[in-house]
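Just so it is clear: chains get the letters A, B, ... in the order the sequence lines come, proteins before strands, and each one is counted from 1.
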There are 2 protein chains.
Amino acid sequence: MGRQPSSKPTSFDIAYLAGVSQPTVSRALRGSRSVSLATRQRIEAIARELNYSVDKNASSLRSQRSNTIALLFFEDRTPDESNINPFFLAMLGSITRQCGARGLDLLISFQKMEDDWHVRYQDSHRADGLILLGYGDYTLYARRLTELVDHGTHFVRWGSAGEDTIGPTVGSDNVGAGRLAGEHLLSLGRRRIAFLGQADEHYPEFADRYTGLCQAMAASGIAPDPALQVDALTAEDAGHAAARTLIARGAPFDAIFAASDLIAIGAMRALAEAGLSIPGDVAIIGFDDIPAASLTTPPLTTIMQDMKGAGELLIDTLVAQVEDRPLPPCTLGTRLVVRRSTAGWGQG
Amino acid sequence: MGRQPSSKPTSFDIAYLAGVSQPTVSRALRGSRSVSLATRQRIEAIARELNYSVDKNASSLRSQRSNTIALLFFEDRTPDESNINPFFLAMLGSITRQCGARGLDLLISFQKMEDDWHVRYQDSHRADGLILLGYGDYTLYARRLTELVDHGTHFVRWGSAGEDTIGPTVGSDNVGAGRLAGEHLLSLGRRRIAFLGQADEHYPEFADRYTGLCQAMAASGIAPDPALQVDALTAEDAGHAAARTLIARGAPFDAIFAASDLIAIGAMRALAEAGLSIPGDVAIIGFDDIPAASLTTPPLTTIMQDMKGAGELLIDTLVAQVEDRPLPPCTLGTRLVVRRSTAGWGQG
DNA sequence: GGCCATAAGGCATACGTATACGCATATATG
DNA sequence: CATATATGCGTATACGTATGCCTTATGGCC
């Protein structure tokens, strides 16, 4: 032992040693009921002894099932390289673990919108299905999704699970989360709540969050003020710029709901530059709970998404898709994480 | 077009349409020189038209080469879930891109040290080789590495590329980086430099960084003070605890070199709690340049590793290994990123 | 004892590609 | 003009597994 065998053992080797045929080995190792317990145990013992492992390529070729999923991150317009949204990296952890738990292999790849990722994976039998992750202009994205659907590709995407969504979509309850954020700020006595983030149909997730905020405000009898909404995509710079715009507009505000933590962090920088104190002058709440959120000064209150649930639900939905028994759409709950950026005056 | 074909086209379909045999199709698409230009172009045109793509499983099975690499993160003792070292996530970006550029598929997986990951991938022909990423006790790790080597598994790991390292290893020049950090602090006039991080053989990378610091100090005629070195693994909590220990010891210090940014961030929190100003009382420098490093107050000076180079070198080394032409070991340079946590008094 | 159901496993084959050979035809060489 | 050489391609087969179908043994039942 320890030395390298001349060649990897095959199911034929096991069969010979066990005194059975190769198909019986295959059946035994896959747990078919038509192999007697005694035979199966004998085969398993021999397989273990020879350090046998099923050849994935042969298995996938024959069964036409790879038990592999491809995870595609894609970046709308990558300003530089290596800048991956930290939120999606957190998701990666969840998905990876979920795949591990189910014995699925996970391929990952970063794509640009323009690439022909819709062909590469399923057609070549690399993967049984795709998981699509990425913020980006939904209207651009949609064309690709339609192609995927037409092509019969199995996929799930993370996003806003509205009615007009294309293909199976899993996402957080963004409207509910927006309400949560709004109610929290309102409960602190804030009344002039600004929203930093795109609020149009190009970015449905952000739009939903804004909708939730407006609902919460409406419930308290407050009408949303358009002057308090500033567009921003999810990046620190964008948040900084948006907050500056907001300040420049001159409309008074005592709270900010940022559509992502990165936007919030940029906004905090702008507020500090403007001499505004947090949470004294302005309370601020972000979205995503990225690792950096607890490291800011003050630490950032935010909305945490259900990462664990996300991985499970994505994989559930995808596997169902592959097995041709589509699952009904479903959204995930969110949780408020209160930190000092929205602390009441007594709690700082 | 747009409708779903009854079944995916195979190389036989292409062959039939092109009036050649299947092997000729295979040769043409792989660019073999023994197919005439005219024939090849005809075949390529038909393949494109049918949206043909080579079946990965059949191809890998026949050629015994999967053109796939498995990336294994592993966590020594995972306190909870979902906490991945951000540094390794940055590495992921680099590796992914590099794989994409070379047409390699990338499998990823999180492992516990105890699992039998040494068997799962190469033996089953899922991947041609492994990339191992993870901080952890090297002495524990080493046993696994030895098994891999004995087993004839192709792999590269990220780590300290010393002489006694097991298997092909790629890493930063940690000694040089430590020197860089030390020289920077010395150039600011700091003389009592503390090091937060393990400095024993269990964590060779950290030990190398400490060695580099000591070299820089020695070059300035300063002897290292054991009272100024405190063990810490790479986590924010550990950094916090280590800094408290350092302060409690009472030995004066005017600078800290933390073995990782997470340690540094924890230490900054402890310094703030102790009423010490940064960089006024204590200059602090981290290691890794994780995204959060630029978001701390003040922003953290740190050592940036060559991520792009890391991906390239890892893959180069691994592919060479697979092709049985081992590459000589090699280390990567690092760069100092100066931010305000070590700013001179005039620059802050 | 004949008949049918069930269990256990063998036989043949298919999955789709890549490659070692062999066989023509065309070109060069003496 | 006969023999070496290269070019371009077809023939046959291997890669290792999974599965439909068939055979045999066994037991139950009337």
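Between the CZ atom of Phe12(A) and the C1' atom of dA18(D) there is a distance of 11 Å, given to the nearest Å. When rounded to the nearest whole Å, the span between CZ of Arg27(B) and P of dG10(D) equals 8 Å. Rounded to whole Å, the distance from CG on Asn57(B) to P on dT17(D) is 14 Å. One atom, CZ of Arg62(A), and another, P of dA14(D), lie 19 Å apart when rounded to the nearest Å. One interatomic measurement links the two molecules: NE2 of His125(A) to C1' of dA18(D), which rounds to 15 Å at whole-angstrom precision.
Nearer to the 5' terminus of DNA chain D, by closest-nucleotide assignment, is the contact made by Thr39(B) (compared with the other of Thr39(B) and Leu61(A)).
In terms of phosphate contacts, Ser59(A) brings no side-chain nitrogen or oxygen within less than 4.0 Å of OP1 or OP2 of dT17(D).
On the nucleic acid side, DNA chain C contacts chain A at distances under 4.0 Å to non-hydrogen atoms, with the end points of that region at dA8(C) to dG16(C).
For the atom pair SG of Cys99(A) and CG of Leu106(A), the computed distance is 4.5 Å after rounding to the nearest 0.5 Å. Between atom OG1 of residue Thr96(A) and atom CG of residue Leu71(A) there is a gap of 7.5 Å, rounded to the nearest 0.5 Å.
No side-chain N or O of Asn51(B) forms a donor-acceptor pair with one of His151(A) less than 3.5 Å apart. Ser66(B) and Asp128(B) are linked by a side-chain donor-acceptor pair at a separation below 3.5 angstrom, with hydrogens and angles left out of the test. Ser109(B) and Gln111(B) share a donor-acceptor pair across their side chains, judged by distance under 3.5 Å alone.
Using a 4.0 Å cutoff on non-hydrogen atoms, the parts of residues 16-24 of chain B near DNA chain D are Gly19(B), Val20(B), Ser21(B), Pro23(B), Thr24(B), ordered by number.
Taking both residues in full, the closest heavy atoms of Phe110(B) and Gly93(A) are given as CE1-CA, 3.7 Å, listed atom of the first, atom of the second, then distance.
As judged by a 4.0 angstrom heavy-atom cut-off over every strand, Ser36(B) is placed among residues touching the sugar-phosphate backbone only.
Checked for salt-bridge contact, Asp105(B) and Lys56(B) meet the test: a charged N lies under 4.0 Å from a carboxylate O.
Pairs of residues two or more places apart, or lying in two chains, that qualify as salt bridge (Lys or Arg N to Asp or Glu O under 4.0 Å) and include a residue from residues 313-326 of chain B are Arg65(B)-Glu323(B), Arg102(B)-Asp316(B), Glu323(B)-Arg325(B).
The environment of Gln64(A) atom CD is dense: over 12 non-hydrogen atoms of other residues, nucleotides or ligands sit within 6.0 angstrom.
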